[in-house]
Undergrad: 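After the structure tokens below, expect a handful of questions from me.
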Amino acid sequence: MKKYFIKTYGCQMNQADSLVVSRILDEAGFKNVKNLKEADVILILTCAVREHAERRALGQIFSLSSLKKKKRCLIGILGCMARTLKERLIDGCLKEGLFDFLLGPDAYRRLPEIIENKFKNYEDRPIAIIEEEKETYSDILPQINYEGIEGFVTIMRGCDNFCSYCIVPYVRGRERSRPISSIIKEIDFLLSKGKKLITLLGQNVFGYKNIENGRILNFADLLTNIFEKFSNLKYLHFLTSHPKDLSFELIEKISKLMKEGKLFKELHLPLQSGSNRILKLMNRKYTREEYYEKVKYLKELIPEISITTDLIVGFPTETEEDYEATLEMVRKIEFDFAYMFKYSERPYTKAREIFPKVEEEVKQERLEKLISLQNDITKRKNEEMINKSYPIIIIKVQNKESLGRLPNNKLAVVKEELEVGKEYIIKIIKIDGWTPIGEIIK
Ligand code: SAH
Ligand code: SF4
Ligand code: F3S
């Protein structure tokens, strides 16, 4: 029986894809191993979103080439870097022999066949398949080979938004949604395997759209269907959401479900920039005012909601004034948490043609200042929870400590061994670094 090893980089969608890959290989008679040295097939599931992510995966690929000299094994590169690597291979920028095959995110069904073929024709040149199919892997249940009570369900693939900085639409193809029935089936499967906290995944879940029985079903319909089917399901979560597609009607729907405890009281709503001029250049299709109004309404309906975001500094042409506008939004909205990035130039994207670029030192300076501002806010927001009590659902127990999620989806630690999957009531007694520390009160 051939053994395979998978190393996954990138976002949760890649993590979810790795479970689809696992299922495909397990069904074809392969065996998953956790140790790279035991494997006959080494798969690297890559991310291309920023240069840094790409460099990390490339480093890993280069370090594997020595292994190939020692034993007969295959190295396969999957995921979002497949397209760029294929092009580099064709134009000769990348030497052959680093890997045996390249498969884009929509070509994973071909894995067993390709592996077999490559073992037979071991010395052949690398194979590269980047299919632009309407693949959704709807009929493939993910392999559950990980511990814990958190489960992820990809509800849509690809992206049609073409934010001008972003490579995702070029490497993951066009947006397509999975039928509700297959999503329900997968949730059912995850619940039957002991998963309790389900996260729905998509590049923009608010763009979910599927036609069933002649009716167009959107994200709100999907939520309705899920909760009709699983009336006891609590703390559902979804990632990520585009602010342009968050209507006031959807805000009302989501906040109702949050109040009922069906959804975590958290929304990840990437702002990217606080400057209207930059937002326009980014092709984000909303203004800072519109974004602010939506967040304000959400906070009115759910005052304890946690709002998290993504921010980019140093987008081409960003001036001090544009950057200040981002800082101002951060101060005004007070995000609970933010992922902050320096703009990174990506192949195929429109932003490549926008000049002048912002100098590296300026980007670094802007990032550091932004991180420091946001860190203070994150800490202050967490400190607001001190002396308040919350339910907590335990997701992990390690070193006599329990880690759990609060209703706002923040992680908290209780310094005793509790039961994974069970809910307790705790009081937050202090903030350690950023982490809320709680004590059981019931
Ligand atoms: N689909 C998701 C985001 C996927 S990428 C969404 O729209 O929310 C995750 C984050 O990476 C983005 O929100 C953005 O902040 C950041 N990002 C994407 N491309 C980038 C680039 N070229 N440079 C820097 N950050 C980038
Ligand atoms: Fe990229 Fe924008 Fe699509 Fe998100 S919505 S994946 S940032 S193009
Ligand atoms: Fe990276 Fe692809 Fe996700 S580029 S962020 S792994 S969609």
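Whatever order the structure lists ligands and atoms in, that order sets their numbers, starting from 1.
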Undergrad: If you have a sec, work out which protein heavy atom is nearest atom 7 (S) of ligand 2 and how many Å separate them, to one decimal?
TA: Tyr165 OH, 3.4 Å
Undergrad: Got the closest protein heavy atom to atom 14 (C) of ligand 1, with its distance?
TA: Gln272 OE1, 3.4 Å
Undergrad: Is Arg346 close enough to touch ligand 1? Criterion: a residue heavy atom under 4.0 Å from a ligand atom.
TA: yes
Undergrad: Once you measure the plane-to-plane angle for Phe238 and Phe219, does it fall in the parallel (<30°), tilted (30-60°) or perpendicular (>60°) bin?
TA: perpendicular
Undergrad: Which residue and atom name correspond to the protein heavy atom nearest atom 22 (N) of ligand 1, and how close is it?
TA: Ser344 O, 2.8 Å
Undergrad: For atom 6 (S) of ligand 2, what is the nearest protein heavy atom, given as residue, atom name and distance?
TA: Gln203 OE1, 3.5 Å
Undergrad: Examine ligand 2 and decide if any of its atoms is less than 4.0 Å from a heavy atom belonging to Arg284.
TA: yes
Undergrad: Of the protein's non-hydrogen atoms, which lies at the shortest distance from atom 3 (Fe) of ligand 2, and what is that distance?
TA: Cys159 SG, 2.3 Å
Undergrad: Could you find the nearest protein heavy atom to atom 5 (S) of ligand 2 and give me its residue, atom name and distance?
TA: Asn161 ND2, 3.5 Å
Undergrad: Could an N or O of ligand 1 be found under 3.5 Å from any N or O of Tyr343, whether backbone or side chain?
TA: no
Undergrad: Could you tell me whether Gln203 and ligand 1 have an N or O pair separated by under 3.5 Å?
TA: yes
Undergrad: Return yes when Asn14 approaches ligand 3 closer than 4.0 angstrom through a heavy atom, no otherwise.
TA: yes
Undergrad: Is the shortest distance from a heavy atom of Lys342 to ligand 1 less than 4.0 Å?
TA: yes
Undergrad: Counting each atom of ligand 2 from 1 as listed, which ones have a heavy atom of Pro169 under 4.0 Å away?
TA: 8 (S)
Undergrad: Compare Val49, Thr309, Thr240, Thr349 and give the one whose heavy atom is closest to atom 18 (C) of ligand 1.
TA: Val49
Undergrad: Side chain, backbone, both or neither: which part of Gln203 has a heavy atom under 4.0 Å from ligand 3?
TA: side chain
Undergrad: For Gly79, is the nearest heavy atom under 4.0 Å from an atom of ligand 3?
TA: no
Undergrad: Could you tell me the residue and atom name of the protein heavy atom closest to atom 1 (Fe) of ligand 3, and the distance to it rounded to 0.1 Å?
TA: Cys47 SG, 2.3 Å
Undergrad: Verify salt bridge (Lys or Arg N to Asp or Glu O under 4.0 Å) between Glu87 and Arg83, making sure each step is shown before the conclusion.
TA: CA-CA 6 Å; Glu87 284 165 15; Arg83 180 170 170 194; 3.2 Å; yes
Undergrad: Around atom 1 (Fe) of ligand 2, find the nearest protein heavy atom and jot down its residue, atom name and distance.
TA: Cys166 SG, 2.3 Å
Undergrad: What residue and atom, counting heavy atoms only, is the protein's closest point to atom 3 (Fe) of ligand 3, and at what distance?
TA: Cys11 SG, 2.3 Å
Undergrad: How close does the nearest protein non-hydrogen atom get to atom 2 (Fe) of ligand 2, and which residue and atom is it?
TA: Cys163 SG, 2.3 Å
Undergrad: Using heavy atoms and a threshold below 4.0 Å, how should the contact between Tyr165 and ligand 1 be classified: side chain, backbone, both, or neither?
TA: both
Undergrad: Is there a donor-acceptor contact under 3.5 Å linking the side chains of Asn283 and Lys350?
TA: no
Undergrad: Taking the non-hydrogen atoms of Ile312, is any one of them nearer than 4.0 angstrom to ligand 1?
TA: yes
Undergrad: Would you sort out whether Arg23 and Glu186 count as a salt bridge (Lys or Arg N to Asp or Glu O under 4.0 Å), showing the intermediate values?
TA: CA-CA 13 Å; Arg23 172 70 72 189; Glu186 191 163 311; over 6 Å; no
Undergrad: Within a distance under 4.0 Å of any heavy atom of Phe162, pick out the atoms of ligand 2 and give their elements.
TA: 8 (S)
Undergrad: Among all protein non-hydrogen atoms, which one is nearest to atom 4 (S) of ligand 3, and what is the separation to 0.1 Å?
TA: Ala48 N, 3.3 Å
